[in-house]
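Single-structure report; data block below.
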Protein chains: 2
Amino acid sequence: MDLSELLRERGMRVTSQRLLIERALREHGGHLTAEQVHDLVEPALPGVTQQTVYSTLALLADLGVARRVVAPGTTRFEAAADSHHHMVCERCGAIEDLHARVPLAAATRAAREAGFVPDSAGVTVLGLCARCAAAS
Amino acid sequence: MDLSELLRERGMRVTSQRLLIERALREHGGHLTAEQVHDLVEPALPGVTQQTVYSTLALLADLGVARRVVAPGTTRFEAAADSHHHMVCERCGAIEDLHARVPLAAATRAAREAGFVPDSAGVTVLGLCARCAAAS
DNA sequence: ATTGGTGCAAATCCTTTGCAATAGC
DNA sequence: GCTATTGCAAAGGATTTGCACCAAT
């Protein structure tokens, strides 16, 4: 299902801001801060404000099209394509994808048993990225 | 090893702020925001500033005595005692402990292979806490 | 006596909010 | 034309920084 349809289906308006921000997220592939998203779409949308980026990212997250990745200092966003895990550098805050198969069914089941309604689950590995490890 | 020794060993000063903040973290057991930590130690340390709390928490995290838990909106801190997982409510930001056995060796090994130097790893389940789920 | 820590104040950064203008329906 | 979205401006909250005083060594 494509974003335009999804928006129309919910009676929301299809704007170039929404389409372009979603595309930027999808094409970049990485974990972007709101500011990076702004800079990415600015050429195509001269004058977009950071606030529009924020509200659009929140909307995309609500729609399930984007995913919020909590990071030290700032929230980052990624396209909600495939599920993967994250390595977070404790020194510089960089986030990298981690591809590993981890069985999480037990975790989500335990969460559900605790009264929690799970939406998604993932592994976060904290440590030092290669660059910061080399520098110390 | 106790905090006083740890500090002395590194040539750092043993202050009541450091000892009491660490104790508050350990005795409370939960995931505290810097502000909550401040309010907890304020009775015993009249006039402590939020800045002292911040720098002390950063120090404790560096020493490995406390652990930073990245949460939406604000960073939280917990005593670095036992390793457990977290459920994070996407609506209200609450964090709860999740007790489940999840094999993470594969994840840390994959991280190491990617040049990352893992420090700790844990599962984060995103979703709605019982209270927020009931309210919607 | 030294100097690392703390308190105090102000600055900075990220994010949200209020309102008028604009653009999608 | 109606109203959700955007842009603009400002506020708010979390965290950091700079500097002078105090206290641990």
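Every value quoted in this text rests on a predicted model; they were computed, and no experiment measured them. For the numbers below, each heavy atom of this structure counts, side chains included, while hydrogens, waters and symmetry mates do not.
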Self-check item: No-H, no-angle donor-acceptor pair, A/Arg18 side chain to D/dT5 base, under 3.5 Å
Solution: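 Side chain to base: no pair present.
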Quiz item: Can you find a donor-acceptor N/O pair under 3.5 angstrom joining the side chain of B/Arg13 to the base of C/dG5?
Solution: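 In this structure, the two groups form no donor-acceptor pair.
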Does [X] make a side-chain N or O approach to OP1 or OP2 of [N] shorter than 4.0 Å?
{"X": "A/Gln51", "N": "D/dT5", "result": "no"}
{"X": "A/Thr49", "N": "D/dC8", "result": "no"}
{"X": "A/Gln50", "N": "C/dT16", "result": "no"}
{"X": "B/Thr15", "N": "C/dT6", "result": "yes"}
{"X": "B/Thr74", "N": "D/dT15", "result": "yes"}
{"X": "A/Tyr54", "N": "C/dT16", "result": "no"}

Practice problem: Let me know, please, whether A/Glu35 or B/Gly11 comes out on the 5' side of the other along DNA chain C by nearest nucleotide. | Solution: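 Of the two residues, B/Gly11 wins.
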Quiz prompt | Interatomic distance, B/Met12 CE vs D/dA23 C1' [rounded to whole Å] | solution =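 Checked: the CE to C1' distance equals 17 Å.
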Quiz prompt | Residue pair B/Gln36, B/Arg76: steps toward the side chain to side chain contact (heavy atoms under 4.5 Å, CB included) verdict | solution = CA-CA 9 Å; B/Gln36 291 174 317; B/Arg76 287 162 183 269; 4.0 Å; yes
Self-check item: B/Glu27 side chain reached by B/Leu40 side chain, heavy atoms, under 4.5 Å
Solution: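 They are not in side-chain contact.
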Exercise. Would you indicate what A/Thr75 reaches in the nucleic acid, counting non-hydrogen atoms under 4.0 angstrom: base, sugar-phosphate, or nothing?
Key: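 Counting heavy atoms under 4.0 Å across all strands, the contact made by A/Thr75 is with sugar-phosphate only.
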Quiz prompt | Nearest-nucleotide 5' precedence on DNA chain D, B/Gly73 against B/Val14 | solution =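 The 5'-side residue here is B/Gly73.
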Exercise. Take A/His86 and A/Glu78, measure what side chain to side chain contact (heavy atoms under 4.5 Å, CB included) needs, and give me the verdict at the end.
Key: CA-CA 12 Å; A/His86 291 125; A/Glu78 64 180 14; 3.2 Å; yes
